[in-house]
There are 2 protein chains.
Amino acid sequence: MADTIHFSPASLKVSCSNCSLRELCLPLGLNPDEMAQLDAVIRQSRKLKRGDHLFRSGESFKSLFAVRTGFFKTTVASQDGREQVTGFHMSGELMGLDGISANLHGCDAIALEDSEVCELPFTRMEELSRDIPSLQRHFYRLMSREIVRDQNVMLLLGNMKAEERIAAFLLNLSQRLASRGFAANDFILRMSREEIGSFLGLKLETVSRTLSKLQQQGWIKVDHKHIQLVQPGELKALVTGCANANTNPM
Amino acid sequence: MADTIHFSPASLKVSCSNCSLRELCLPLGLNPDEMAQLDAVIRQSRKLKRGDHLFRSGESFKSLFAVRTGFFKTTVASQDGREQVTGFHMSGELMGLDGISANLHGCDAIALEDSEVCELPFTRMEELSRDIPSLQRHFYRLMSREIVRDQNVMLLLGNMKAEERIAAFLLNLSQRLASRGFAANDFILRMSREEIGSFLGLKLETVSRTLSKLQQQGWIKVDHKHIQLVQPGELKALVTGCANANTNPM
DNA sequence: GATCGCGCTTGACGTGGGTCAAGGCGGCAA
DNA sequence: TTGCCGCCTTGACCCACGTCAAGCGCGATC
């Protein structure tokens, strides 16, 4: 109930029968026939409650999942139990691409709020992408985009200080929310300080301290999970030009 | 001339006319006709000298490149000049996948020794992959593998200490060399301490110190770029179970 | 409304690795 | 041979972040 702002953007009209997928992550120039084929493959959406696993590392890989509504994290774990958040995923974003290589999911996907996903059975998508060139091209693009995203995270983890990481993180969230029709400078964090820290390679205390520091400087306002970017320009100056955080997905 | 050991593995017979590609990164069950189609698309290999750029970030993306012989690094740079090595690439490995998303190369690829690459014009590969299902599948797998690799690097950068990073790095090199028929525990580094540091999120002094420390402990021997893994088991213990460094590509 | 507990904040302190600086070593040129 | 230069090593010092610990605030529960 803490989550008063929901990710069901009024600006995104979900016109097709079962899924916002086509608008969100597959904006292709498909003809009606191709659309119908695609619709036939995409399974009805599946609902998850906060905390539910969508899939787990090591499970056999059958499908990709597109977030329809809600918010997810993906995590990888090492044998000795260390865990790292590898990404946060909001509506329209795809999860599970890492499972293709070994036919096994390589990470856990966990809902951070009540969520809904579309299931894309991979084998059928693969077949379909043979018949629909623009779909094939789109998949290559999506996977490549994920690689670019990961490279930017590597740059962040390898080169940036705590303050810069937090700033880049906030700006990235802001930009992705804005592109979905939400306020860019006033939002609710879906994840805990610990999860932010895990993603950014920091401890939760450092996340907390750094948010406080940014607030003291007047760049942002922090009220628990409610964040306001008061001077986004200053944040951008912090990370310029690291990983051009405002344009690249993260 | 410092590079006395060369990466032209005797164990990999380059039987096809122009490229070791099929053996190395496209080990598919293709019939002779499909093989011929593939051969027609793969351009003659291109030679580069140590220090040459294969492509640069921002250049328009036309082709993927497979390392035939030699050794490369890829780097991403931020606007303010910070640079990070995102990977090292040896024979059989593919570079340029990140360029697909925006039709622009997203990183620089630089030869660390005299090298030879095969060029794979992407548009033609894309078309071909529509006609040859196993080729399409293989491309999806390759891209997914790159995503898994990047996630493991994220885990390394986010969670591991200097000693663990170096150990993971050495073990990863060792494993990749071994799979190409080279000695697993005795090899020459192609890259400088600074490049290793950039990849691992460390400064060159820390790389140097850490190598010395591992040597003092008797796990490895270091003679400039000549590395011997004396007790690889101890190194594995260091990184267990982070990112199961011995099995995953990095 | 009282209690509990989780997630967050903040302080004090410790330390791993960054920074700065001084050589060492081997390769290369003349 | 000599000297230069790039890369590496090593030491001394410092600081950003991690660690440990105390306490707060809000929501959930009854």
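In what follows, every heavy atom counts, from backbone to side chain, and hydrogens, waters and symmetry copies are set aside.
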Show me the donor-acceptor pairs, under 3.5 Å and distance only, between side chains in residues 197-211 of chain A and residues at least two apart or in other chains.
unit_1   : atom_1 : unit_2   : atom_2 : d
A:Ser198 : OG     : A:Val85  : N      : 2.8
A:Thr210 : OG1    : A:Thr206 : O      : 2.6

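Summarising the geometry, the separation between CG on A:Leu200 and C1' on D:dC17 is reported as 14 Å, rounded to the nearest angstrom. If you take CG of B:Asp223 and C1' of C:dG26, they are 11 Å apart, rounded to a whole angstrom. Distance CD1 (A:Ile166) to P (D:dA16): 16 Å, rounded to an integer number of Å. The separation between B:Leu214 atom CG and D:dT9 atom C1' is 15 Å, rounded to whole Å. B:Arg50 has its CZ atom 13 Å from the C1' atom of C:dC28, to the nearest Å. The nearest whole Å value for the distance from the CD atom in A:Glu164 to the P atom in D:dA16 is 12 Å.
Checked against ring pair (Phe, Tyr, Trp, His ring centres under 6.0 Å), A:Phe55 has the following partners two or more places apart in sequence or in another chain: A:Phe65, A:His105. Applying the side-chain contact (heavy atoms from CB on, under 4.5 Å) test to B:His224 and every residue at least two apart in sequence or in another chain returns nothing. Annotation: salt bridge (Lys or Arg N to Asp or Glu O under 4.0 Å) contacts of B:Glu119 (sequence neighbours excluded): B:Arg43. With sequence neighbours excluded, no residue forms a ring pair (Phe, Tyr, Trp, His ring centres under 6.0 Å) with A:Phe72. For the ring pair (Phe, Tyr, Trp, His ring centres under 6.0 Å) test, no residue two or more places apart in sequence or in another chain qualifies with B:His89. Listed by chain and residue number, B:Glu116 satisfy the salt bridge (Lys or Arg N to Asp or Glu O under 4.0 Å) test with B:Lys47 (two or more places apart in sequence, or in another chain). In this view, A:Lys161 and A:Glu164 satisfy the side-chain contact (heavy atoms from CB on, under 4.5 Å) rule, not counting sequence neighbours. Every residue was checked against the salt bridge (Lys or Arg N to Asp or Glu O under 4.0 Å) condition with A:Glu163, not counting sequence neighbours, and none meets it.
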N/O-N/O pairs, protein side and nucleotides 4-6 of chain D side, under 3.5 Å:
none

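The only option from B:Asp108, B:Thr74, B:Asp98 that meets the side chain to side chain donor-acceptor pair (under 3.5 Å) definition with B:Thr86 turns out to be B:Thr74.
In the helix from C:dG1-D:dC30 to C:dA30-D:dT1, the rotation axis of the first five pairs and that of the last five pairs differ in direction by 40°, rounded to 10 degrees.
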Subject >> Footprint string (nucleotides 8-18 of chain C, 5' to 3'): B base within contact, S backbone only, - free, heavy atoms under 4.0 Å >> reply: SBBBB----SS

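Under a 4.0 Å N-O distance rule, the pair B:Arg176/B:Glu93 qualifies as a salt bridge.
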